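One-based numbering, in listed order, for ligands and for the atoms of each. Because the structure is a prediction, the values reported are computed rather than measured. Excluded from the calculations below are hydrogen atoms, water molecules and symmetry mates; all remaining heavy atoms, backbone and side chain alike, are included.
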Amino acid sequence: KIIILDFGSQTTQLIGRRIRELNVYCEIVPYNKFPQGDDSVKGVILSGSPFSVYDESAFKVDLSQLRGKYPIMGICYGAQFIAYTNGGKVEPAGTREYGRAHLSTFDKSNVLFKDVRENTQVWMSHGDTITAIPDNFRVIASTDKVKIAAYQAEGEKMWGVQFHPEVFHSEDGTQMLKNFVVDVCGCSQSWSAASFVDTTVAELKAQVGDDRVILGLSGGVDSSVAAVLLHRAIGKNLTCIFVDHGLLRKNEFKNVMHDYECLGLNVIGVDASEKFFKDLEGVTDPEQKRKIIGRDFVEVFNAEAHKITDAKWLAQGTIYPDRIESLNITGKTIKSHHNVGGLPKEMNLQLCEPLKWLFKDEVRRVGRQLGIPDHLINRHPFPGPGLAVRILGDITREKVRILQDADDIFIQGLRDWKVKDADGKETALYDQVWQAGVILLPVQSVGVMGDERTYERAVALRAVTSTDAMTADWAHLPYEFLAKVSNDIINKVKGVNRVTYDISSKPPSTIEWE
Ligand code: XMP
């Protein structure tokens, strides 16, 4: 495997994803947590960082522990760090170098550039630049503006690149990463969904044996895939719990319970909506709402888990991006996200997280491999606190009913509206957007229906495109589609007389309104 040392760059996860896409296994670890003594490590990548090498608080590693033992590749800050600590010079670039550039000259015979096209486009994003490299290093690529765009240490398997091969706009970036991980490090490209399922089922059998396992289902992709994987390994010894907080989409609880039954899972459905509505009564502050829901959820889940007295394990659908120890540099909380939280301590359950090394697209691949139907696998993400973060202001059953009806029309509409993609293939709008939903606004406005004046609520439609929810753009849905949805909602949903479309991107907005 490849180890990626994370120095806090926004694109560290992308390095991991690119390498996994090459079917090579890799792990991202904080810069100071290199797994010493792990024989399966075949190479190391140093990520970028928001710091400058000469910042006092800059993250540093002891390169002598790695050098000569493993092939090394430094990206951006990683490259600057290697150069700087070996006697090179790193200085602030006159202007920040950001955006596309081309490798106007590069050493075609260097293994890093095997099968890389002439003048290939690369993506730059750096404030500092390497102005001199150590004596025994050699420049192997330049752009018009950046003389030292890539280097290699003479006679050593150590490279540095100033640009970001992991981002989409570096055209041959994946090829360069492949040259490093496959040709230099000798990793095999054998990481696949089928092999993952086989090895994980075997590992789970060995790990939990004949013990009983409890798992919290949410209706989402991750927990569903985790459940089916465990079910394949231990069958009846898996008990799932699905809590309905009353803030799910219309008919969601019933439909998802049905899906789970078809998959052969043993699921206990708990209708706890009474408790949630009571505890949320009159609460308008977004963070307060999130906290109450998080707390209630743990309470209800734990009470149910307690009834399963012979349980030894708690399984969760935690995936890799949930876990990567993010080097939180600003320390600010934007929203307190909630997932199934808090182990009931006195139950002494051990934690089992079979998807903890997977990225989202890999979870989907594994799900398909396990035969989970497409409509479950391709579902949009849905926030843990549910419709509560889409009702601005306090929450009542009536407001949830209005929102559920409007949301159902929008989502069904997206599923039914087919468009032709570039290859002439028909796809539903639903599959072209990352996520969609309706928001109930705390606003009433005047309208006219028949001869009657109305004074009713406004809703906002939200649909975004994204690859990881970190950034998102509003989806450019066809006007004809928006017109139809608006019409349907106003005609069919009692209590709504105005529909708006949210055209904000993230950042500076977020996907959810609360
Ligand atoms: P924001 O609103 O922060 O949302 O742009 C980013 C993504 O996270 C989802 N989201 C949540 N998911 N628990 C979750 O599991 C939560 O508390 C939560 N809040 C937001 C949101 O739907 C979007 O996909």
With ring centroids as reference points, do [X] and [Y] lie under 6.0 angstrom apart?
| X | Y | value |
| --- | --- | --- |
| W123 | F163 | no |
| F51 | Y77 | no |
| H380 | Y430 | yes |

Next item on the list: Run through I15, T11, T12, I4 and flag the one making a side chain to side chain contact (heavy atoms under 4.5 Å, CB included) with I75.
Entry: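 Testing each of I15, T11, T12, I4 against I75, the sole residue satisfying side chain to side chain contact (heavy atoms under 4.5 Å, CB included) is I15.
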Margin query: Checking the N or O distance criterion of under 3.5 Å, is ligand 1 in contact with F382?
Written below: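 No, no N or O pair falls under 3.5 Å.
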Next item on the list: Please say whether Q435 places an N or O atom under 3.5 Å from an N or O atom belonging to ligand 1.
Entry: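 Looking only at distances, the answer is yes, because the N/O contact criterion of under 3.5 Å is met.
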Check: Would you say the side chain of F34 lies within less than 4.5 Å of the side chain of I3, judging by non-hydrogen atoms?
Finding: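 A side-chain contact exists here, since the closest heavy-atom pair is under 4.5 Å.
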Notebook entry, point to check: Any heavy atom of R290 sitting closer than 4.0 Å to ligand 1?
Noted result: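 Yes.
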Close-contact set for ligand 1 against [X] heavy atoms, below 4.0 Å:
| X | value |
| --- | --- |
| K506 | 1 (P), 3 (O), 5 (O), 6 (C) |
| G384 | 12 (N), 13 (N), 14 (C), 15 (O), 16 (C) |
| T510 | 1 (P), 2 (O), 5 (O) |

